[in-house]
Every structure is written in structure tokens, then in C-alpha cells.
Student: 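Before I ask anything, let me first share the structure, which is written out below as C-alpha cells.
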Amino acid sequence: MTELKSDLLRLLTERGYVHQMTDAAALDALAAKQVVPGYIGFDPTAPSLHVGSLVQIMLLRRLQQTGHKPIVLMGGGTGKIGDPSFKDEARKLLAEDGINANVASIKRIFERFLTFGDGPSDAIMLDNAEWLDRLEYIPFLREVGQHFSVNRMLSFDSVKLRLDREQSLSFLEFNYMILQAYDFRELSQRAGCRLQMGGSDQWGNIVNGVELTRRMDGVEVFGVTTPLITTADGGKMGKTMAGAVWLHEDQLPHFDYWQFWRNTDDRDVGRFLRLFTDLPLDEIARLEALDGAEINEAKKILANEATAMCRGRAAADEAAETARRTFEEGASGAALPTFAASGAVPLVDALVGLGFCASKGEARRLIKQGGARVGGEKVSDEAATVTPGAEPLRISAGKKHHGLLVAG
């Protein structure tokens, strides 16, 4: 591509957000001359989003930082179907009350990353239930359905994956891509939206929306997708042995969130600093050039900045101090996860209760392999018990996961 004219595409490219774009030159020209409203949709399948959604949230933040208008689209309508893209099986359908409760809970997250209001570049939040719930089936099929080729829909990788594995794809799910395309057209009409962004698994859905809006309204709109974010060891971003890394503090303590970032692989530090913090690029270049033990300082900065953005600076400072006291002084920090017991309990129960192991069998394997410590001492007896005392007892799984056994 020739030299970029817009701050938006320059920033997204420099920081590593761009995987694919529709008509990059035209989008660049548009973003250089006017405010571009852009949206990303989020289906409310749980009360909180997790780290796997953070790249998309940061995309909206970058949009606003470069003077454009973020639109957060909550999938109160599409959430009643569930996105089948690259899923092995259909999602469990949620009741309407559950969807509404999740929407209300998730809204809180975005207020930490975006500025909402009535200004030209202030973020707004919409819910596609507002228009999807009112659609009449036959008129919708006549007006919108005629623009979709089933042959082409079957050719998208997200659909082929399920069919190639001979896994059921319900007609309900098959409609999802049509409804998402309709969302883009609706947002174009309601809010002047010109851009849809999403993960690489959304490319087919986004292209459908671009084409539908052009065919029905003659309006040129654009799409941008991000690369799939995997860790240097090939794992999926945001997956740990304790489960999903939730953005809400009521589903994951501040310390655990901070520690997730602190545990970043050396090879991922620079990339994650570019994607998940606002640090200047020259400072990131300096930090990612550190090696040996010094790279740990860069990881602490990553943890501090990512946690401050999501949980607030006070939470980041508290978690950093807990880590310092726990790892450098050997003390027990108040922000560590806790497991309460009224008396002696098997160590395997404590490891499961702290979220370090998914099952007792996994906990026994951890102990057998020498990965469990109680009060800093390695425990190799799979039948060992632990007893809470007047002071919290520190229990560790490997070098990176620490919690406290407390009386309760």
C-alpha cells in the first residue's frame, strides 16, 4: 500500500491490528477527510467479556483516539441465535431475561475504555434487538434475503468448517450472517456508520454487510479484521489452566488479572504492549529489546498498564504491590485468590477450589510432578492435607499461580 494518509489506518497498522481490509485506499481517504463512525458487535453470552474480546475493544479505543466515532453494538437480538463462526457446535440458547442481564453487565466494561456522549467522536452503545426483534419474517426475506446467495454462504470458511466435520449447522444459526449483514445496513442508516471491524473469523460476515449495504442503499462502507491473537507457544490468547481471563473484577480478582499479563511469554511482550496499552511506540521498542532478567521489568509494565486500563490505576498498583510482597519478600498479599475451609482439607481440594486445577485428578498430577507448594515448601504426597491457621496459608501451583487458604 502507498503511504497512509489517515491517522486511523496508520495507528492500526503500526500497532499490529490489521489482518484484512476492504478497499484500504478508499477507507484511508475517507478517514483522512471526515469522522468515520465504526462499529463492532458483541454477543451477550455471559455477564462479562474476557481477554479474548480485548483486541476488539482496543480497536474501538483506537478509533476514538484518532478522532473517529465508536459504536458498541450489543447483540441483544443476534444473541438469541448465537454466532456459528468457527464453532464446533451450536451455542446454548439463552432466555431473554438472561440476555438482558448480560447486556447490562457488559456495558460497564466499555465505559473504562471509551468516552461516551453526544459529541462527534463520542462513543454510543446500541442494541440490535431494537430492530431485529421487530422484523416481520416474510417482508424481511423479500427485502433482504434476495441479496444472499446460498452457494456463496456455504463457501465461507466459518460454515465449511462445520459441514466438513459433518457437524450439524441449524437453519437458525445459518441466519446469523444475514442478520449481522442487516445490522451493518441498519447502522449505516441510523448512525451514518461506514466501518465494521472484527476478528478474522468475522471476515465473511463483514463482507456480507458491506455488499448488502452497497446493493440496497448504494452506500460505500468498509470492513477491517484483526489477526487471530495467539501466544508465542501457539496457545489461544486468554486461555489459562484456571479458565477464561474475565474483564469484570467480580468474575476474576484484580491480582489474577494482573498476573495473567505478568506471565506473558518473553516473545509476546512487545506485541502485547502495542495491542493492549497506550504506551508510545518508541518506549515499547525499548522495552521489547530488553532480554535476560530485564525483560521481567517490561512484563511488569505491561501488567500495570493493561490492568490500569481495565480495572483502574489503584487496582493495578495494589496487584503490583501484592506481587512484589509475595514473590520478592515471601509474604502473603491480601489480593491473592482465597479458599476458605473450617478445618483440615485435602490439598487437591484446595488446588481445585483456588482455580489452579480443573479437577482433583489434575491436582494429583500436579502434586506428583512436583508443582505444588504449601508455605513455600514442595509437597509430593497426593494425599496431603492442609489446615488453615490464624494467618493465611500460601498455596502455589507452579511458579506463577499463588493463593491463600483461610479459615472460614
Student: Is the side chain of His68 donor-acceptor paired with the backbone N or O of Val36 at a distance under 3.5 Å, no angle test?
Tutor: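 Yes; at least one donor-acceptor contact below 3.5 Å.
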
Student: I would like to know whether Glu318 and Arg311 meet salt bridge (Lys or Arg N to Asp or Glu O under 4.0 Å); could you show each step before the answer?
Tutor: CA-CA 11 Å; Glu318 177 191 353; Arg311 304 293 185 84; over 6 Å; no

Student: Could you grab the distance from atom SG of Cys310 to atom CD of Glu305, nearest 0.5 Å is fine?
Tutor: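 Reported value, rounded in 0.5 Å steps: 13.5 Å.
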
Student: Applying side chain to side chain contact (heavy atoms under 4.5 Å, CB included) to Lys69 and Gln64, what does each step give before you reach the verdict?
Tutor: CA-CA 6 Å; Lys69 188 176 187 69; Gln64 189 165 59; over 6 Å; no

Student: Check whether Asp28 reaches the backbone of Leu4 with its side chain - one donor and one acceptor, N or O, closer than 3.5 Å.
Tutor: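 No, the answer is negative, given that no donor and acceptor are paired below the 3.5 Å cut-off.
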
Student: Would Arg108 and Asp250 pass as an ion pair if we require N to O under 4.0 Å?
Tutor: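 Between Asp250 and Arg108 there is a salt bridge, with a charged N closer than 4.0 Å to a carboxylate O.
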
Student: Between Cys193 and Val221, what is the shortest heavy-atom contact and its length?
Tutor: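 Heavy atoms of Cys193 and Val221 come nearest at O-CG1, 3.8 Å.
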
Student: Looking at Ile109 and Leu49, what are the two nearest heavy atoms and their distance?
Tutor: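 Smallest heavy-atom distance, with atoms named: CD1-N, 3.6 Å.
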
Student: Is there a side-chain contact between Leu404 and Leu393 in this structure, where contact means two heavy atoms from C-beta onward sitting under 4.5 Å apart?
Tutor: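 Not in contact.
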
Student: So, Gln202 and Gln180: side-chain donor and acceptor under 3.5 Å apart, yes or no?
Tutor: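 On atom types as modelled, these side chains qualify, holding a pair under 3.5 Å.
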
Student: Using a strict threshold of under 4.0 Å (side-chain N to carboxylate O), is an ion pair present between Arg274 and Glu288?
Tutor: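 Counted as a salt bridge, because a side-chain N and a carboxylate O are separated by less than 4.0 Å.
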
Student: Checking Arg194 side chain against Phe222 main chain: does a donor-acceptor pair fall under 3.5 Å?
Tutor: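 Not at all, since once roles are kept as given, no pair shorter than 3.5 Å links the two residues.
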
Student: With a 4.0 Å cut-off on N to O distance, would you call Arg62 and Asp278 a salt bridge?
Tutor: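 Salt bridge present between Arg62 and Asp278.
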
Student: Could you check if a side-chain atom of Val352 sits within less than 4.5 angstrom of a side-chain atom of Phe339, using non-hydrogen atoms only?
Tutor: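 No, too far: nothing below the 4.5 Å cut-off.
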
Student: Output yes when a side-chain donor or acceptor of Arg134 lies under 3.5 Å from a complementary backbone atom of Glu130, and no otherwise.
Tutor: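 Checking the backbone N and O of Glu130 against the side chain of Arg134, a donor-acceptor pair under 3.5 Å is found.
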
Student: Just do the side chain to side chain contact (heavy atoms under 4.5 Å, CB included) check on Leu27 and Thr22 with the steps written out, would you?
Tutor: CA-CA 8 Å; Leu27 174 59; Thr22 64; over 6 Å; no

Student: Without swapping roles, check the side chain of Ser105 against the backbone of Pro47 for a donor-acceptor pair under 3.5 Å.
Tutor: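 At least one qualifying donor-acceptor pair exists.
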
Student: Compare every heavy atom of Phe356 with every heavy atom of Ile395, then report the nearest pair and how far apart it is.
Tutor: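 Smallest interatomic distance, heavy atoms only, reads O-CE1, 3.7 Å.
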
Student: Are the side chains of Asn205 and Phe184 in touch, meaning some heavy atoms are under 4.5 Å apart?
Tutor: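 With C-beta onward as the side chain, the pair stays apart.
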
Student: How many angstroms lie between atom CZ of Phe272 and atom CG of Leu302, to the nearest 0.5 angstrom?
Tutor: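 The CG atom of Leu302 is 8.0 Å from CZ of Phe272, to the nearest 0.5 Å.
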
Student: Does Lys360 reach the main-chain N or O of Leu351 with its side chain, forming a donor-acceptor pair under 3.5 Å?
Tutor: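 No: the side chain of Lys360 does not pair with the backbone of Leu351.
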
Student: Compare all side-chain heavy atoms of Leu54 with those of Phe113 and state whether any distance is below 4.5 angstrom.
Tutor: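 They are in side-chain contact.
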
Student: Do Glu211 and Arg185 sit within salt-bridge range, that is, some charged N less than 4.0 Å from a carboxylate O?
Tutor: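 Judged by the 4.0 Å cut-off on N to carboxylate O distance, Glu211 and Arg185 do not form a salt bridge.
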
Student: Any chance you could measure Leu287, atom CG, to Leu279, atom CG, to the nearest 0.5 Å?
Tutor: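 Atom-to-atom, Leu287:CG and Leu279:CG are 7.0 Å apart.
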
Student: Check Glu294 with Lys299, please: is the shortest side-chain N to carboxylate O separation under 4.0 Å?
Tutor: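 Looking at Lys299 and Glu294, the cut-off is not met.
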
Student: Does a donor on one side chain sit under 3.5 Å from an acceptor on the other, for Thr78 and Asp43?
Tutor: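 Yes, because at least one side-chain N or O of Thr78 sits under 3.5 Å from a partner of the opposite role on Asp43.
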
Student: Please test Trp246 against Tyr257 for ring-ring contact (aromatic ring centres under 6.0 Å, His included), starting from the C-alpha separation and ending with a verdict.
Tutor: CA-CA 8 Å; Trp246 298 104; Tyr257 190 78; over 10 Å; no

Student: Find out whether Arg262 and Asn296 are in side-chain contact, i.e. whether some heavy atom of one side chain is under 4.5 Å from a heavy atom of the other.
Tutor: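 A side-chain contact exists here, since the closest heavy-atom pair is under 4.5 Å.
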
Student: Atom CD of Glu220 and atom CG of Leu30: how far apart are they, to the nearest 0.5 Å?
Tutor: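 Interatomic distance, Glu220 CD to Leu30 CG, rounded to 0.5 Å: 8.0 Å.
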
Student: Is there a donor-acceptor contact under 3.5 Å linking the side chains of Arg215 and His147?
Tutor: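 His147 and Arg215 do not have a side-chain donor-acceptor pair below 3.5 Å.
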
Student: Got Val219 and Arg214 here, is their nearest side-chain heavy-atom distance under 4.5 Å?
Tutor: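 Not touching, per the 4.5 Å side-chain cut-off.
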
Student: May I ask you to test the Leu228-Thr230 pair for a side-chain heavy-atom distance under 4.5 Å?
Tutor: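 A side-chain contact under 4.5 Å exists here.
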
Student: Does the pair Val72 and Ile124 meet the rule for a side chain to side chain contact (heavy atoms under 4.5 Å, CB included), with working shown?
Tutor: CA-CA 6 Å; Val72 181; Ile124 60 173; over 6 Å; no

Student: Do the side-chain N and O atoms of His402 and Ser396 include a donor-acceptor pair separated by under 3.5 angstrom?
Tutor: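 Judged by distance alone, the side chains do pair up.
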
Student: Pairing donors with acceptors under 3.5 angstrom, does anything connect the side chains of Asp268 and Thr231?
Tutor: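 No donor-acceptor contact under 3.5 Å links the two side chains.
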
Student: Without swapping roles, check the side chain of Ser48 against the backbone of His248 for a donor-acceptor pair under 3.5 Å.
Tutor: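 Pair found, side chain donor or acceptor close to backbone of His248.
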
Student: Verify ring-ring contact (aromatic ring centres under 6.0 Å, His included) between Phe116 and Phe110, making sure each step is shown before the conclusion.
Tutor: CA-CA 9 Å; Phe116 286 83; Phe110 290 95; 7.4 Å; no

Student: Under 4.0 Å between a Lys/Arg side-chain N and an Asp/Glu carboxylate O for Lys300 and Glu321?
Tutor: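 No, Lys300 and Glu321 are not salt-bridged.
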
Student: Does the side chain to side chain contact (heavy atoms under 4.5 Å, CB included) test come out yes or no for Leu281 and Glu14, once each step is laid out?
Tutor: CA-CA 9 Å; Leu281 290 174; Glu14 288 174 347; 3.5 Å; yes

Student: Write down the atom of Ala363, the atom of Cys357, and the distance for their closest heavy-atom approach.
Tutor: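 In this case the closest contact between Ala363 and Cys357 is CA-SG, 3.6 Å.
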
Student: If you measure from CG on Asp183 to OG on Ser188, what distance do you get to the nearest 0.5 Å?
Tutor: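 Between Asp183 CG and Ser188 OG, I get 12.0 Å after rounding to 0.5 Å.
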
Student: When rounded to the nearest 0.5 angstrom, what is the spacing between CG in Leu8 and OG1 in Thr66?
Tutor: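 Answer for the CG-OG1 pair, Leu8 versus Thr66, is 4.5 Å.
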
Student: What closest approach, in Å, do Val35 and Gly67 show between heavy atoms, and which atom pair accounts for it?
Tutor: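 Result for this residue pair: CG2-O, 3.6 Å.
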
Student: With a 6.0 Å cut-off on the ring centroids, do Tyr182 and Phe140 count as close?
Tutor: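 Here the rings of Phe140 and Tyr182 have centres that are less than 6.0 Å from each other.
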
Student: Judged by atom type as modelled, is there a donor-acceptor pair below 3.5 Å linking the side chain of Asn208 to the main-chain atoms of Ala181?
Tutor: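 Between the backbone of Ala181 and the side chain of Asn208 there is no qualifying donor-acceptor contact (under 3.5 Å).
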
Student: Is there a donor-acceptor contact under 3.5 Å from the side chain of Thr307 to the main chain of Asn304?
Tutor: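 Side chain of Thr307 to backbone of Asn304: no pair is present.
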
Student: Would you find a donor on one side and an acceptor on the other, under 3.5 Å apart, between the side chain of Gln56 and the backbone of Met197?
Tutor: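 The answer is no, because no donor-acceptor pair under 3.5 Å joins these two groups.
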
Student: Find out whether Leu347 and Thr385 are in side-chain contact, i.e. whether some heavy atom of one side chain is under 4.5 Å from a heavy atom of the other.
Tutor: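 No, too far: nothing below the 4.5 Å cut-off.
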
Student: Compare every heavy atom of Ala191 with every heavy atom of Pro37, then report the nearest pair and how far apart it is.
Tutor: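 Shortest heavy-atom separation between Pro37 and Ala191 comes out as CG-O, 3.8 Å.
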
